[in-house]
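Predicted model only: the values in this text are computed from it and were never measured.
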Amino acid sequence: MAEYHLTAPLTDEDVKQLKIGDIVYISGPAFTCRSRLQKYIFDEKNVLPFSTENRNVLIHNGPIVVKENGKWKLNSFMPTSSIRFEKWGAKSVDEWGLKMIVGKTTMGKETAKMMKEKKCVHVSPRSVSPNLWIDSIKVETVHLYDELGRIEAAWFFDLNDIGPFIVDIDCEGNNFFDQLDEKIAERKEKAMRDLGIEEGWEYTKLY
């Protein structure tokens with residue numbers, strides 16, 4: 001396991017060095033995205049109103065942002081589960097030129113396949129509340145606020161060494177959680193044998 005402090009926009013060389021289980025801290029420009037933005041662009045065929053050429057870190061996040069004294073203030077930052085967006089994952093990586101997706105949990109096989117082709121990784125927060133990073137995140141601007149609403153809009157952030165994140169999909173298509181599930185399954189079988197629990201057991205029915 002290695003630790004990296006990366007600054008966006010990320011390059012192929014930045015992400016190719018990352019392996020599953022590595023720890024990453026991120027600085028630089030990023031933007032947020034949830035289901036409504038992806039549906040608006042990919043399903044409803046609207047044009048993305050900004051360039052992702054120099055903003056290739058996407059955060060699956062619906063932040064709580066309020067305006068105080070004419071400036072946007074970030075009140076809550078909590079990445080959401082990326083697997084919810086698997087329908088659009090491969091398209092996001094391909095058409096937006098992403099090099100990193102930040103979100104909880106992981107993503108599916110089609111997204112991982114595109115990540116391998118385009119050199120992109122997925123990272124998840126590791127053992128820390130992301131709300132602790134608020135002071136290290138500057139709100140730059142927002143796009144599609146009127147069209148999509150406060151939570152689903154695309155917020156532009158400038159990150160200052162936020163983390164730690166764990167790499168759970170690397171750009172070779174390896175998935176940390178898939179490997180973890182295999183280990184859990186092996187240990188579960190041994191535990192059941194040691195406890196004398198037979199195959200085909202069922203949970204106790206309370207009602």
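Distance alone, capped at 3.5 Å, places no donor-acceptor pair between the Ser27 side chain and the Thr7 backbone. Of the possible polar contacts, none joining the Ser81 side chain to the Ile83 backbone as a donor-acceptor pair under 3.5 Å is found. With hydrogens and angles ignored, the 3.5 Å screen pairs no side-chain donor or acceptor of Asp22 with any backbone N or O of Met1. Glu117 places no side-chain N or O within 3.5 Å of a backbone atom of Lys113 that could act as its donor or acceptor partner.
Here Ser136 pairs with Asn160, Ile162 under the side-chain contact (heavy atoms from CB on, under 4.5 Å) rule; sequence neighbours left out. Under the rule for a salt bridge (Lys or Arg N to Asp or Glu O under 4.0 Å), Asp135 has no partner lying at least two apart in sequence or in another chain. Residues that satisfy the ring-ring contact (aromatic ring centres under 6.0 Å, His included) test with Trp133, not counting sequence neighbours, are Phe165. Listed by chain and residue number, Lys99 satisfy the salt bridge (Lys or Arg N to Asp or Glu O under 4.0 Å) test with Asp12 (two or more places apart in sequence, or in another chain). Every salt bridge (Lys or Arg N to Asp or Glu O under 4.0 Å) that Lys73 has, sequence neighbours left out, goes to Glu68.
Side chain to side chain, Asp43 and Trp88 meet the donor-acceptor criterion of an N or O pair below 3.5 Å. In the model, Thr106 has a side-chain atom that pairs as donor or acceptor with a side-chain atom of Asp168 under 3.5 Å.
The neighbour count for Arg126 CZ, taken as heavy atoms of other residues, nucleotides or ligands under 6.0 Å away, does not exceed 12. More than 12 heavy atoms of other shown residues, nucleotides or ligands fall within 6.0 angstrom of atom CD in Glu44. In the displayed structure, Lys19 atom NZ is contacted under 6.0 Å by more than 12 heavy atoms of other residues, nucleotides or ligands.
With a 6.0 Å cutoff to the six-membered ring centre and a 45° limit on the axis angle, Arg55 counts as a cation-pi contact of Phe156.
A ring-centre distance under 6.0 Å is not found for Phe77 and Trp155.
Of the residues Ile101, Thr80, Val123, Val102, the one that meets the side-chain contact (heavy atoms from CB on, under 4.5 Å) test with Ile59 is Val102.
Annotation: side chain of Val65 is not in contact with side chain of Asn75 (no heavy-atom distance under 4.5 Å). Contact check for Asn174 versus Ile169: no side-chain heavy atoms found under the 4.5 Å cut-off. Between Arg150 and Pro63, every side-chain heavy-atom pair lies at or beyond the 4.5 Å cut-off. Annotation: side chain of Ser82 is not in contact with side chain of Lys104 (no heavy-atom distance under 4.5 Å). For the pair Glu140 and Phe157, the minimum side-chain heavy-atom distance is 4.5 Å or more.
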#### Entry: Check against side chain to side chain contact (heavy atoms under 4.5 Å, CB included), Ser35 and Glu152
CA-CA 7 Å; Ser35 56; Glu152 301 282 345; 4.1 Å; yes

### Task
Please test Phe42 against Trp96 for ring pair (Phe, Tyr, Trp, His ring centres under 6.0 Å), starting from the C-alpha separation and ending with a verdict.
CA-CA 11 Å; Phe42 298 126; Trp96 294 347; 5.0 Å; yes

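Note on Lys119 versus Glu13: no salt bridge recorded, every NZ/NE/NH1/NH2 to OD/OE distance being 4.0 Å or above.
Residue pairs that meet the ring-ring contact (aromatic ring centres under 6.0 Å, His included) test with at least one member in residues 102-126, sequence neighbours left out, do not exist here.
Taken from CG in Asp170 to CD in Gln17, the straight-line distance is 12.0 Å, to the nearest 0.5 Å. Rounding to the nearest 0.5 Å places CG of Leu10 at 10.0 Å from CG of Leu98. With rounding to the nearest 0.5 angstrom, the CG atom of Leu148 is 11.0 Å from the NZ atom of Lys39.
Residues Ser76 and Leu74 come closest through the heavy atom pair O-CD1, 3.4 Å.
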